[in-house]
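Nothing here was measured: the structure is a model prediction, and the numbers come from that model. Residue numbers start from 1 in every chain, and the chains themselves are labelled A, B, ... in the order their sequence lines are given, proteins ahead of strands.
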There are 6 protein chains.
Amino acid sequence: MKISARNVIDGKVSDVEIGAVMAKVKIDVSNPTVITALISKEAVEDLNVKKGDDISAIIKSTEIMVGKK
Amino acid sequence: MKISARNVIDGKVSDVEIGAVMAKVKIDVSNPTVITALISKEAVEDLNVKKGDDISAIIKSTEIMVGKK
Amino acid sequence: MKISARNVIDGKVSDVEIGAVMAKVKIDVSNPTVITALISKEAVEDLNVKKGDDISAIIKSTEIMVGKK
Amino acid sequence: MKISARNVIDGKVSDVEIGAVMAKVKIDVSNPTVITALISKEAVEDLNVKKGDDISAIIKSTEIMVGKK
Amino acid sequence: MKISARNVIDGKVSDVEIGAVMAKVKIDVSNPTVITALISKEAVEDLNVKKGDDISAIIKSTEIMVGKK
Amino acid sequence: MKISARNVIDGKVSDVEIGAVMAKVKIDVSNPTVITALISKEAVEDLNVKKGDDISAIIKSTEIMVGKK
């Protein structure tokens, strides 16, 4: 399936932390930064997201703000 | 001001396209990808966002999904 | 690619309306309702979304509110 | 009150799971699918959301992506 | 209908600007500030939002970030 | 850094509640209302958000709906 989300950034899971209904996934993207995603615990289990996995961060363009110094 | 958004990705504006109330900003982030942000035309004008500017993409963690092959 | 978004609702495109940078896609989902998505014009063109297409509405769970009478 | 959110999908609560600050609500919508909403524990308590309740999923159109096979 | 969104801020419409598919609504909230909402043109027409209307800004808590000086 | 988010509402932290990965911050804004933000526990710790702090609620315009009686 091709999705409309314009932003798909490939990386590797560097950490997973699981709460009661939410989970935090840290994604090491190739170079400059680490991306933090807060998704459902259910999704983490369903996709079996674990440290070291190749994974993509997916972001709808309307969710992105810009900042300028 | 320090903000709670966990994801701030630095890049350079590679394109700006302006509609009636919305605007699209393409941000070239260092290496692997281009980020697309859909923000208000008002913000583009207020921050004077233009091609070549150093800019950051800012994303709240709850807005980020993950995808796994 | 399997995505973390918990909600994927299949339907058929019943209308597409294109603005300068945004586009509106109406999705007829099997039975009770029509779903309205506001996505980038770029995504509509890239996925070639047009009336009659089989399409899915994808929604991250944190974006869904509930209402009770 | 009439709200601007274009998407109101009626269903029945099929499950509620409560965490420390977040809660997960599963909504059985008439036919094809179950919708998962991640909302505040506070909202679940304030609206007294419980299994079997008639409830609506409410989604702002800018939060909906599309996927095409 | 009672909704799960935790934030309902009452105000008065001070401006409406309409694009092809999106619209911008400025809401004058009692005291300190003006709130800017970007919603569908369709919603503006359906609710007949116009300057001077009593209106509420509604925001899901997961969409709110915090900033600290 | 100047950010594109159109809505920055100043207030004071009136309560912080911390879960496993999420946290709830109540912000008392000058006059009419209290704003509830659901952000990552990580952000609360990184910004050291605590009761009595001067703080701003930051909201991207596309995340705001309107309601009309």
**Study point:** Atom NZ of F:Lys51: over 12 foreign heavy atoms under 6.0 Å
**Key:** no
Point to revise | Under 4.5 Å from any heavy atom of chain F - which part of E:Ile27 | key: side chain
Review point. Which region of E:Asp53, side chain (C-beta onward) or backbone (N, CA, C, O), has a non-hydrogen atom less than 4.5 Å from a non-hydrogen atom of chain F, or is it both or neither?
Key: side chain
[atom1]-[atom2] distance between [X] and [Y], expressed to the nearest 0.5 angstrom:
| X | Y | atom1 | atom2 | result |
| --- | --- | --- | --- | --- |
| E:Met65 | F:Ser56 | CE | OG | 11.5 Å |
| E:Thr62 | F:Met22 | OG1 | CE | 6.5 Å |
| E:Ile35 | F:Ile64 | CD1 | CD1 | 5.5 Å |
| E:Lys60 | F:Ile59 | NZ | CD1 | 14.0 Å |

Revision key, fill the gap. Most contact-rich option vs chain F, by heavy-atom pairs under 4.5 angstrom, among E:Arg6, E:Glu63, E:Lys24, is E:Glu63
Review point. So which of E:Ala57, E:Ala5, E:Ala37 has the biggest tally of heavy-atom pairs under 4.5 Å with chain F?
Key: E:Ala37
Practice item. Could you list which of residues 40-47 of chain F have a heavy atom closer than 4.5 Å to any heavy atom of chain E, in residue-number order? Key: F:Leu47
Review point. Is there a side-chain contact between E:Lys68 and F:Asn48 (heavy atoms, below 4.5 Å)?
Key: yes
Exercise for review: Return yes if some donor-acceptor pair links the side-chain N/O of F:Ser61 with the main-chain N/O of E:Thr36 below 3.5 Å, else return no.
Suggested key: yes
